[in-house]
Amino acid sequence: FSKKLRGFDVEVLCYDIKANVGDENATQVSLEELQEKSQVLSLHVPQTTATNNMVNAEFIACFKHPFWLLNTARGNCVETSDLVTALESKKIQGAGLDVLEYEKSSFETMFSNETPPALSRLLKADNVIFSPHVAGWTVESHRKLAQTIIDKFVSQFHYKKK
């Protein structure tokens with residue numbers, strides 16, 4: 001993502017619990033400096049106990065300036081009710097969400113029960129854009145998946161043949 005931003009007149013900062021993840025595309029800084037300088041926050045984290053509800057009211061309050069939030073990581077990284085409050089107060093100016101806290105293994109039944117109030121407010125917000133979590137659905141990823149399946153099948157076939 002930071003490489004894609006090189007064509008723009010922006011300073012790209014990154015924060016990670018691991019040292020030395022910065023490179024020519026992004027300068028690694030402390031969490032405090034990230035919260036002091038950021039105008040846009042893009043999440044690129046795995047789902048772990050440390051990242052579960054990471055973006056919550058306390059985290060958001062530490063930002064010096066209102067900012068834009070992009071979440072293409074995992075839905076559980078953002079506490080939806082706190083996001084809605086921050087969007088309504090303009091602490092978060094807008095959000096681009098590729099994932100949601102309320103995701104289940106299947107979207108077919110996602111709205112069959114009563115929709116949580118925070119999600120209802122989020123769905124009606126004018127300053128939120130939703131996108132389907134399909135970034136990995138490329139021709140190349142389908143080929144790689146097909147090749148992996150073939151390789152596993154062939155290895156099992158040879159194993160059982162012996």
*Any side-chain heavy atom of Val55 sitting closer than 4.5 Å to one from Asn71?*
no
*Is there a side-chain contact between Leu100 and Leu122 (heavy atoms, below 4.5 Å)?*
yes
*Any idea which heavy atoms bring Val99 and Gly75 closest together, and the distance?*
CG2-N, 3.4 Å
*asked:* With a 4.5 Å cut-off on side-chain heavy atoms, are Ile60 and Ile92 touching?
replied: yes
*CG-CG distance between Leu34 and Leu41, expressed to the nearest 0.5 angstrom*: 6.0 Å
*May I ask whether Val45 and Leu31 are part of the same hydrophobic cluster, defined by side-chain heavy atoms of I, L, V, M, F, W, Y residues being less than 4.5 angstrom apart, directly or through others?*
yes
*asked:* For the CD atom of Glu79 and the CZ atom of Phe59, what is their distance to the nearest 0.5 Å?
replied: 13.5 Å
*Please answer whether the main-chain N or O of Gln39 pairs with a side-chain N or O of Gln93 as donor and acceptor at a distance below 3.5 Å.*
no
*asked:* Closer than 3.5 angstrom, by distance alone: can the side chain of Lys91 be matched with the main-chain N or O of Ala57 as a donor-acceptor pair?
replied: no
_Side chain to side chain, Val21 and Cys14, heavy atoms closer than 4.5 Å_ = yes
*Would Leu145 end up clustered with Val154 when hydrophobic side chains under 4.5 Å apart are linked, directly or stepwise?*
no
*Does a side-chain heavy-atom distance below 4.5 Å link Asp82 with Asn53?*
no
*Taking the side chain as C-beta and beyond, is there a heavy-atom pair between Val12 and Asn25 under 4.5 Å?*
no
*asked:* Strictly distance-based, threshold 3.5 Å: is any side-chain N or O of Thr51 a donor or acceptor partner for the main-chain N or O of Met54?
replied: no
_Nearest-0.5 Å distance, NZ of residue Lys64 to OG of residue Ser38_ = 12.5 Å
*Using modelled atom types only, decide if a donor and an acceptor are shared between the side chain of Gln47 and the backbone of Arg74 within a distance under 3.5 Å.*
no
*Counting N and O atoms only, with roles assigned by atom type, does the side chain of Asp16 sit under 3.5 Å from a partner on the main chain of Ala19, one being a donor and the other an acceptor?*
no
